[in-house]
Participant: 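This is the structure I want to talk about, given as structure tokens.
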Amino acid sequence: MQHYIFPYLGQRLFASRFALLTLLFTCCAVSTVAQQTPRKIYISADMEGIVGVVTNEQLGPQGFEYQRFREFMTQDVNAAIEGAFAGGATQIVVSDSHGNGQSLLFEKLPSNVLIVRAWPRPLGMMEGIDATFAGAIFIGYHAGTSNPQGVRAHTLSSARLTDVKLNDRSVSEAGLNAAIAGHFNVPVIMVSGDDVVVKETKALLGDVEGATVKWALGFHSAATMTPQASYILIRDTAKKAVERIKDFKVFKLTTPVKLDVSFKNYRPSELLSYLSIIQRPDSHSIRFVGKDMIEVSKFLTFINNYEPGLEP
Ligand SMILES: [Zn+2]
């Protein structure tokens with residue numbers, strides 16, 4: 001559309017009879033073109049906060065319900081895609097950010113999105129984001145590890161980590177990933193998951209749009225919507241979020257960024273403390289100071305992925 005506006009108005013500009021009127025049209029056209037600049041939305045998709053997910057049975061290839069719940073994860077993501085496009089998004093990148101990073105049934109996503117798959121990747125659950133994006137949406141997210149409530153509440157690894165802090169504040173994955181988005185001046189505009197992650201994320205980031213698809217009863221239990229209901233809710237919430245995209249604040253940390261990680265076990269902190277860039281404030285914890293969130297994200301990816309037996 002925008003290619004036709006300027007040549008048409010250019011001819012009219014020289015017709016004196018319509019010069020003033022055309023000038024007004026030109027101004028309108030400029031603002032129309034401004035609105036038509038690409039509006040890129042980044043969608044990071046996790047699984048614990050997908051409709052119906054309550055235990056490990058839905059969360060990995062060993063679980064008896066995993067294959068079915070890949071469908072529901074894909075549906076929740078498709079709902080966000082449909083809503084975001086309806087709200088004015090022009091390009092969408094989706095990152096498959098749970099477990100093995102290969103949970104989404106990508107043949108069931110529309111042809112006009114790109115999908116980031118598998119690990120490791122330097123920006124983790126936010127790989128592929130950059131300063132050209134207008135907003136980030138978190139689908140299927142869960143509360144952080146320091147929250148006593150929330151279905152499958154953890155940060156990065158429920159088996160290995162007991163806390164992750166940025167600049168002295170415990171963060172959830174939503175907080176961590178909002179800070180990565182914030183590095184690029186991209187605001188988080190929406191989160192979906194249980195009632196706890198929606199509340200926790202709003203407390204950290206302010207008035208982001210929230211789609212509560214289930215209500216936590218415990219670490220492994222919830223009252224949940226059906227997939228049909230979550231589809232409608234997520235689609236409508238994503239649409240609203242993109243429509244009011246100018247309202248959202250960027251979550252930007254002061255630099256350098258101090259990262260504190262606490263492990264469940266002794267040896268990770270002991271071995272990491274051999275490196276001169278690492279401090280060990282207590283037996284189970286390490287501290288790393290990165291020049292920005294990119295360094296911090298790469299460091300987190302390293303400590304959560306490195307092992308000497310890696311092949312290939
Ligand atoms: Zn997660």
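Keep in mind it's a predicted model, so treat the numbers as computed, not measured. Counting convention: from 1, in listed order, for ligands and their atoms alike.
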Participant: Could you pull out the N/O/S protein atoms under 2.8 Å of the Zn ion (ligand 1), ignoring any water?
Facilitator: D46 OD2, H142 NE2, E173 OE1

Participant: Is the distance between the ring centroids of F72 and F69 under 6.0 Å?
Facilitator: yes

Participant: S97: what forms a side chain to side chain donor-acceptor pair (under 3.5 Å) with it, not counting sequence neighbours?
Facilitator: S95, R121

Participant: Run through T155, N147, D163, T145 and flag the one making a side chain to side chain donor-acceptor pair (under 3.5 Å) with S170.
Facilitator: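 The passing option is D163.
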
Participant: For residues 110-155, which residue pairs qualify under ring-ring contact (aromatic ring centres under 6.0 Å, His included), counting only residues two or more places apart or in two chains?
Facilitator: Y42-F133, F138-Y141, H142-H154

Participant: Please name all residues satisfying side chain to side chain donor-acceptor pair (under 3.5 Å) with K165, sequence neighbours left out, ordered by chain then number.
Facilitator: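 Result, side chain to side chain donor-acceptor pair (under 3.5 Å) vs K165: none returned.
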
Participant: To the nearest 0.5 Å, how far apart are CD1 in I115 and CG in L105?
Facilitator: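 Those atoms lie 10.5 Å apart.
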
